[in-house]
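What you are looking at is a predicted structure, and each value in this text was computed from that prediction instead of being measured. Every chain is numbered from 1, with letters handed out A, B, ... down the list of sequences.
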Number of protein chains: 2
Amino acid sequence: MTQTATRETALKEAEAACLRRGATLTPLRRQVLELVLDADAPVGAYALLDRLKATRPGAAPPTVYRALDFLLEQGLIHKLERLNAYIGCTDAGHGHAHDHHHPHQFLICRTCGATTEITDHGVAHAIEAAARRAGFALAEATVEIEGTCARCLA
Amino acid sequence: MTQTATRETALKEAEAACLRRGATLTPLRRQVLELVLDADAPVGAYALLDRLKATRPGAAPPTVYRALDFLLEQGLIHKLERLNAYIGCTDAGHGHAHDHHHPHQFLICRTCGATTEITDHGVAHAIEAAARRAGFALAEATVEIEGTCARCLA
DNA sequence: TGCACTCTGAGATATTATATCATCGAGCGA
DNA sequence: TCGCTCGATGATATAATATCTCAGAGTGCA
Ligand SMILES: [Zn+2]
Ligand SMILES: [Zn+2]
Ligand SMILES: [Zn+2]
Ligand SMILES: [Zn+2]
């Protein structure tokens with residue numbers, strides 16, 4: 001399965017997921033999603049804006065931020081808080097497509113920048129347990145693990 | 001033990017910790033640390049700058065960011081990535097004072113803003129295990145748990 | 001004295017994100 | 001058809017966060 005194929009699959013699933021929820025993946029939003037998916041690493045909003053301007057000269061910061069907000073809301077992308085950058089959700093459509101906000105974690109390589117989304121239930125459960133012990137009602141957890149990826153270690 | 005007393009204790013321990021490592025907690029750095037500790041919630045860099053200007057009119061963004069960098073480096077404060085704000089390390093000096101960067105997590109209340117640092121070994125171990133399974137060499141993990149605190153739930 | 005080093009001052013600039021108001025078009029009922 | 005509302009986008013300005021760069025002051029040391 002080629003990269004392009006997985007991208008097309010992801011886009012189709014995104015359309016479907018939005019439809020199910022009564023949300024609209026407009027051409028603009030779809031284009032921003034494509035730009036995020038095309039990048040091979042997390043992308044900043046202004047990098048997206050630059051690329052967007054190639055085909056949409058009038059684009060401005062709110063253009064891209066509004067699209068990003070929508071995509072975040074729909075769970076189609078995630079924000080990496082440490083990097084102020086955005087990345088496509090790897091799990092969208094693979095198991096819990098209808099979950100807007102599934103628990104997830106990121107592995108961020110400081111050497112090559114590669115960023116991998118994982119869904120580790122051990123981590124998720126440990127966080128739930130810690131919150132429960134503190135009498136804290138968990139809404140969402142940000143987990144960003146920085147270090148060196150397997151490729152860079154080899 | 002009063003709040004002021006714990007603050008003074010924290011400052012003394014900070015001095016001691018810096019000394020041990022051959023780092024210098026200069027008056028400026030100490031003052032920024034005091035400002036962070038005095039706040040009853042995470043503080044933004046520009047809020048610190050405003051307060052700093054009261055006694056140090058020439059202060060500029062680099063003044064506060066340089067101090068924050070030092071304090072982060074020394075493990076005396078932490079940054080909350082979701083909030084772009086800084087908070088004093090609760091654990092400095094209580095158990096692993098000499099650890100520059102101990103594993104830690106935050107519970108952030110979306111209702112009242114209260115932010116609590118915890119050191120949950122279950123979470124820490126789960127993250128280590130997840131990284132290991134991915135062949136990833138962990139350097140540092142950001143864990144920020146958002147939701148509603150016990151007080152706001154009551 | 002001369003030099004290296006750390007810290008701070010000062011100004012400019014870069015980067016990330018939001019506020020506000022106007023416009024456009026689809027949907028829809030009167 | 002008209003007028004209304006609503007969601008989406010265009011367009012401009014501004015806010016909030018963070019960094020770059022050069023200069024000067026102090027300290028310790030050869
Ligand atoms: Zn995901
Ligand atoms: Zn790597
Ligand atoms: Zn801490
Ligand atoms: Zn609360």
Same apolar cluster (I L V M F W Y, side chains within < 4.5 Å links), B:Val32/B:Leu25: yes

Joint cluster assignment, A:Leu83 & A:Ile87, ILVMFWY side-chain distance < 4.5 Å: yes

Between [N] ([atom2]) and [X] ([atom1]): distance, integer Å:
X       : N      : atom1 : atom2 : result
A:Leu48 : C:dT15 : CG    : P     : 15 Å
A:Asn84 : C:dA17 : CG    : C1'   : 9 Å
A:Asp50 : C:dA14 : CG    : P     : 14 Å
A:Glu81 : C:dA17 : CD    : P     : 8 Å
A:Phe70 : D:dA8  : CZ    : C1'   : 11 Å
A:Tyr46 : D:dT17 : OH    : P     : 14 Å
B:Tyr65 : C:dT13 : OH    : C1'   : 14 Å
B:Leu25 : C:dT6  : CG    : C1'   : 15 Å

Between A:Thr142 and B:Glu81, a side-chain donor and acceptor under 3.5 Å: no

Side-chain H-bond candidate by donor/acceptor type, A:His102 with A:Glu117, under 3.5 Å: yes

Letter per nucleotide, 5' to 3', of nucleotides 21-30 of chain D [B base touched, S only sugar-phosphate touched, - untouched; heavy atoms, 4.0 Å]: B---------

Contact nearer the 5' end of DNA chain D, comparing A:Arg56 with B:Ala47: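 Its nucleotide being nearer the 5' end, the pick is A:Arg56.
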
Would you tabulate the side-chain donor-acceptor contacts of residues 40-50 of chain B under 3.5 Å, counting partners in other chains and residues two or more places apart, or write 'none'?
none

Sugar-phosphate only, base, or nothing, as touched by B:Ala60 at under 4.0 Å among non-hydrogen atoms: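 It contacts nothing in the nucleic acid.
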
Pairwise salt bridge (charged side-chain N to carboxylate O under 4.0 Å, His left out) hits with a residue in residues 131-141 of chain A, at least two apart: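 Found A:Arg133-B:Asp120, A:Glu140-B:Arg110.
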
Would you tabulate the side-chain donor-acceptor contacts of residues 60-73 of chain B under 3.5 Å, counting partners in other chains and residues two or more places apart, or write 'none'?
{"from": "B:Thr63", "atom 1": "OG1", "to": "B:Ala60", "atom 2": "N", "distance (Å)": "3.0"}
{"from": "B:Thr63", "atom 1": "OG1", "to": "B:Ala60", "atom 2": "O", "distance (Å)": "3.1"}
{"from": "B:Arg66", "atom 1": "NE", "to": "B:Pro62", "atom 2": "O", "distance (Å)": "3.4"}

Residues clustering with A:Val143 (ILVMFWY side chains joined when closer than 4.5 Å, directly or via others): A:Leu107, A:Ile118, A:Val123, A:Ile127, A:Phe136, A:Leu138, A:Ile145, B:Leu107, B:Ile118, B:Val123, B:Ile127, B:Phe136, B:Leu138, B:Val143, B:Ile145

Phosphate oxygens OP1/OP2 of [N]: is one of them under 4.0 Å from a side-chain N or O of [X]?
X       : N      : value
B:Arg29 : C:dT8  : yes
B:Thr26 : C:dT8  : yes
B:Lys79 : D:dA18 : yes

Nearest-nucleotide comparison on DNA chain C, the residue closer to the 5′ end among A:Leu83 and B:Pro27: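 Whichever sits nearer the 5' end wins; that is B:Pro27.
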
Minimum-distance pair of heavy atoms, taken over all atoms of A:Pro103 and A:Thr119: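 Closest heavy-atom pair between A:Pro103 and A:Thr119: O-CG2, 3.4 Å.
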
Close N/O contacts between protein and nucleotides 23-26 of chain C (under 3.5 Å):
none

